[in-house]
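Notes to accompany the following structure.
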Amino acid sequence: MSLHLYNTLSRRKELFTPVDPARVTMYVCGPTVYNYVHIGNARPVVVFDVLYRLLSRDYAKVIYARNITDVDDKINAAAKAGDVPITAITEKFATVYRDEMATLNALPPTIEPHATQHIPQMISMIQRLLDGKHAYEAEGHVLFHVPSFAGYGQLSGRARDDMIAGARVEVAPYKKDPADFVLWKPSTPDLPGWDSPWGRGRPGWHIECSSMIEAHLGPTIDIHGGGHDLIFPHHENELAQGTCAHGGAPYARYWMHNGFLTMNKEKMSKSIGNIVTVRELLRHHPGEAIRWALLSAHYRQPLDWSDDTIVQANRTLSRLYGALEQAGDAPATLSEPPAAVLEALRDDLNTPRAMAEISNIAGALNQATGAAKAELKAQLIAAGSLLGVLQQPPKAWFEAAAGRKTIDADEVERLIAARAAARKARDFAGADRIRDEIAALGVVIEDRADGTKWRAAE
RNA sequence: GGCCGAGUGGCAGAGUGGCCAUGCAGCGGAUUGCAAAUCCGCGUACGUCGGUUCGAUUCCGGCCUCGGCCUCCA
């Protein structure tokens, strides 16, 4: 059992060794809850869910935290626009998010900390940064002083001069250094705010994650994950403030970042407007197919999303569920996941390779008989459990597909019975006519040894 | 401009210094009353120009194209 993970910090694959094998810690940046999430937002959730499943196999206790950012200017704007309280926005979308991610078969994280429930911890961390001369107060703001941390820039691989040269925003006049970032900012009376030693205000974005990590996971965590775009500035800043608040102790040992989902080769983003929401996709496709599609490319590679992506994923899953279905009578013995699948995932979460192995198992299962059939079926299910797929009864998969098409099952059954009668009478022309009627209902039938089965056509 | 990543067959997408990826679609065959499902087989795939090598899609260099980050962003 040797897990290798690509570490953004070192820019290479490294053997994973936790600080404490009895308590493995992992933190992934979650959503700011002000709107429905798009399919790109779901990628890290699904990717790190696979990692969580893999770690949970090998370590007795894995603490996985995924935060909810529920204080943010965009939330304030959304509340104002809808003329509703802030919490009406955050509670609604946090619930929607949780439900949607569950539909994608993502296990609930161990902890889902909310930013607003950790204000005292943030104030405490900011105070420590002030005491250590890593931060200063200016015009009601508290800012992290970047030059106070020599290691700044190591995660994103940026030199300070480049950052200053490339800065595309106006530098606030109260900053001692252009790279300094906000830990605490003042709130006007109409905005959410908390009392602090620096007046009524609210936290900056970066300090939220660091404080929640400290509160729930400890000063040094094993794995910190998120989308590629968070490397700079968010994770670079987290790394700086977290390290400085802990007297130089390492903040996170393995930094992992998933690549982007693109739409026509362009980043999917709310500001560009080329987004597809998870909510919309779930109207037409099973969550499991969305999950399969998200895992069909290696997590660090870009993945171009199109209608075809999800259609292909759906068909592939139908083939796999078909293999399980025809093995229906074989008792599913308990099985360890096949070594090849495990090996692929332990090589920096190579999900496409794992999927290729799964396809091979399905092919073997389709041909197997007797004990081999039971064993292969169990292997397929065990392999699927690592990826978070193939865990429902095949029947449920195919019925759900039919359910999305609003098919009259009674009518289909009636026609199948009529066709069976015609076939028995060797009236094949009549049988074929009935099959055309069935096809017209959007149903495909299969004559099998144990009778005629039907499923929804695409 | 700085930093980073990518270019593989009709599509998606792994991987490798010489031999099958895998899936979807297509074609041919087996099977079937006919289908469907399944199985078997098929298709001069590795952006481009050089270099190293007995041999490069894989290593090295140049070039072209595309994308990401540079304080909103998964």
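Values in this document were obtained by computation on a predicted structure and should not be read as measured data. Sequence lines set the chain letters: A, B, ... in the order given, protein chains first and strands last, and positions in each chain run from 1.
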field: side-chain contact (heavy atoms from CB on, under 4.5 Å) against Arg414(A), all qualifying residues, sequence neighbours excluded
entry: Glu411(A)

query: Does Lys267(A) put a side-chain nitrogen or oxygen below 4.0 Å from OP1 or OP2 of C69(B)?
result: yes

message: Taking atom types as they are modelled, would you say the side chain of Glu266(A) forms a donor-acceptor pair with the base of G67(B) within the 3.5 Å cutoff?
response: no

Distance, nearest 0.5 Å, that separates CD1 of Ile221(A) from NE2 of His216(A): 12.5 Å

message: Tell me which residues in residues 136-145 of chain A lie within less than 4.0 Å of RNA chain B, going by non-hydrogen atoms.
response: none

- prompt: Within a reach of under 6.0 Å around CG of Asp307(A), are more than 12 heavy atoms found that belong to other residues, nucleotides or ligands?
  reply: no

- request: Determine whether the aromatic ring centres of Tyr34(A) and Phe93(A) lie less than 6.0 Å apart.
  value: no

- prompt: Which pairs count as salt bridge (charged side-chain N to carboxylate O under 4.0 Å, His left out) when at least one residue sits in residues 440-452 of chain A, sequence neighbours excluded?
  reply: Glu325(A)-Arg448(A), Arg419(A)-Asp447(A), Arg423(A)-Asp447(A), Glu446(A)-Arg448(A), Glu446(A)-Arg455(A), Arg448(A)-Asp450(A), Asp450(A)-Lys453(A)

- request: Check RNA chain B against residues 27-40 of chain A and give the residues with a non-hydrogen atom under 4.0 Å, in numerical order.
  value: His38(A), Gly40(A)

- line: CG of Leu386(A) to OG1 of Thr351(A), rounded to nearest 0.5 Å, is 12.0 Å

message: Within 45 degrees of the ring normal and closer than 6.0 Å to the centroid, is that where the cationic atom of Arg300(A) sits relative to Tyr6(A)?
response: yes

- prompt: Counting side-chain heavy atoms from C-beta on, which of C72(B), U71(B), A14(B) comes nearest to Trp205(A)?
  reply: C72(B)

field: Gap between atoms CZ and C1', on Arg300(A) and A74(B) respectively (whole Å)
entry: 17 Å

message: Over all strands shown, is Glu236(A) touching base, sugar-phosphate only, or nothing at heavy-atom distances under 4.0 angstrom?
response: nothing

query: Between atom CG of Leu415(A) and atom CD1 of Ile434(A), what is the distance when rounded to the nearest 0.5 Å?
result: 7.0 Å

Sugar-phosphate only, base, or nothing, as touched by Thr316(A) at under 4.0 Å among non-hydrogen atoms: sugar-phosphate

- line: When rounded to whole Å, the CD1 to P distance for the pair Ile290(A) and A12(B) reads 20 Å

query: Please give, in whole Å, the distance from G23(B) P to Leu295(A) CG?
result: 18 Å

query: With rounding to whole Å, what would you report as the distance between C64(B) and C49(B) at their P atoms?
result: 15 Å

query: On a whole-Å scale, what distance lies between the C1' atoms belonging to U31(B) and G41(B)?
result: 15 Å

task: Would you mind listing every salt bridge (charged side-chain N to carboxylate O under 4.0 Å, His left out) that reaches into residues 144-153 of chain A, with sequence neighbours excluded?
output: none

- prompt: Of His206(A) and Arg43(A), whose nearest nucleotide on RNA chain B comes first from the 5' end?
  reply: His206(A)

- request: Sticking with atom C1', work out how far C46(B) lies from G7(B), rounded to a whole angstrom.
  value: 10 Å

Interatomic spacing from CZ in Arg291(A) to CG in Leu104(A) - rounded to 0.5 Å: 7.5 Å

query: Could you run down nucleotides 29-41 of chain B 5' to 3' and tag each one B, S or - for protein heavy-atom contact under 4.0 Å?
result: ----BBBBSSSS-

- prompt: OP1 or OP2 of C69(B) sitting under 4.0 Å from any side-chain N/O of Arg158(A)?
  reply: no

Watson-Crick and G-U pairing of RNA chain B, under 3.5 Å, as dot-bracket with | and [ ]: (((((((..(((.....[...))).(((((.......)))))....(((((..]....))))))))))))....

message: If the threshold is 4.0 Å, N to carboxylate O, is there a salt bridge linking Arg435(A) and Asp432(A)?
response: yes

query: When the distance from CG of Leu261(A) to P of G13(B) is rounded to whole Å, what number comes out?
result: 10 Å

message: Please check: side-chain N/O of Asp427(A) versus main-chain N/O of Gly430(A), any donor-acceptor pairing under 3.5 Å?
response: yes

- prompt: Once you round it to whole Å, what is the distance between P of G23(B) and NE2 of His298(A)?
  reply: 21 Å

task: Please work out if Asp72(A) contacts a base, only the sugar-phosphate, or nothing of the nucleic acid, heavy-atom cut-off 4.0 Å.
output: nothing

- prompt: In whole angstroms, how far is the P atom of A21(B) from the CZ atom of Arg353(A)?
  reply: 15 Å

statement: Sorted by position of nearest nucleotide on RNA chain B, 5' first, the leading residue of Asn350(A) and Met268(A) is Asn350(A)

Whole-angstrom distance between G9(B) and G26(B), as gauged at atom C1': 13 Å

- prompt: If we take the P atom in both U58(B) and C39(B), what is their distance in whole Å?
  reply: 34 Å

message: Considering only residues two or more places apart or on different chains, which pairs with a residue in residues 385-395 of chain A satisfy salt bridge (charged side-chain N to carboxylate O under 4.0 Å, His left out)?
response: Lys395(A)-Glu399(A)

query: Using the C1' atom in both, what is the distance from C20(B) to G43(B), to the nearest Å?
result: 15 Å

task: Taking only heavy atoms on the protein side, list every residue of residues 94-109 of chain A lying under 4.0 Å from any atom of RNA chain B, sorted numerically.
output: none

query: Base, sugar-phosphate, or nothing: which does Asp73(A) touch, judged by heavy atoms less than 4.0 Å apart?
result: nothing

message: Can you list everything that forms a side-chain contact (heavy atoms from CB on, under 4.5 Å) with Phe260(A)? Sequence neighbours excluded, please.
response: His228(A), Asp229(A), Lys267(A)

message: Roughly how many Å apart are U57(B) and C19(B), using the P atom of each and rounding to a whole number?
response: 10 Å

query: Roughly how far apart, to the nearest Å, are C3(B) and C42(B) at atom C1'?
result: 46 Å

query: Touch check for Leu303(A), heavy atoms < 4.0 angstrom, all strands: base, sugar-phosphate only, or nothing?
result: sugar-phosphate

Run the side-chain donor-acceptor check on residues 235-242 of chain A: report pairs under 3.5 Å with partners two or more places apart or on a different chain.
| unit_1 | atom_1 | unit_2 | atom_2 | d |
| --- | --- | --- | --- | --- |
| His235(A) | ND1 | His257(A) | NE2 | 2.8 |
| His235(A) | NE2 | His224(A) | NE2 | 3.4 |
| Glu236(A) | OE1 | Leu155(A) | N | 3.3 |
| Glu236(A) | OE1 | Ser156(A) | N | 2.7 |
| Glu236(A) | OE1 | Ser156(A) | OG | 2.6 |
| Glu236(A) | OE2 | Gly153(A) | N | 3.0 |
| Asn237(A) | OD1 | Tyr152(A) | OH | 2.4 |
| Asn237(A) | ND2 | His206(A) | NE2 | 3.1 |
| Glu238(A) | OE1 | Tyr251(A) | OH | 2.6 |
| Glu238(A) | OE2 | His234(A) | ND1 | 3.4 |
| Glu238(A) | OE2 | His234(A) | NE2 | 3.3 |
| Gln241(A) | OE1 | Ile207(A) | N | 3.4 |
| Gln241(A) | OE1 | Ser210(A) | OG | 2.9 |

query: Would you call Arg253(A) and Glu14(A) a salt bridge, using N to O less than 4.0 angstrom?
result: no

message: Can you list everything that forms a side-chain contact (heavy atoms from CB on, under 4.5 Å) with Asn76(A)? Sequence neighbours excluded, please.
response: Asp73(A), Ile86(A), Leu191(A), Pro192(A), Arg202(A)

message: If only side-chain N and O atoms count, and only distance matters, is there a donor-acceptor pair under 3.5 Å linking Asn41(A) with Tyr97(A)?
response: no

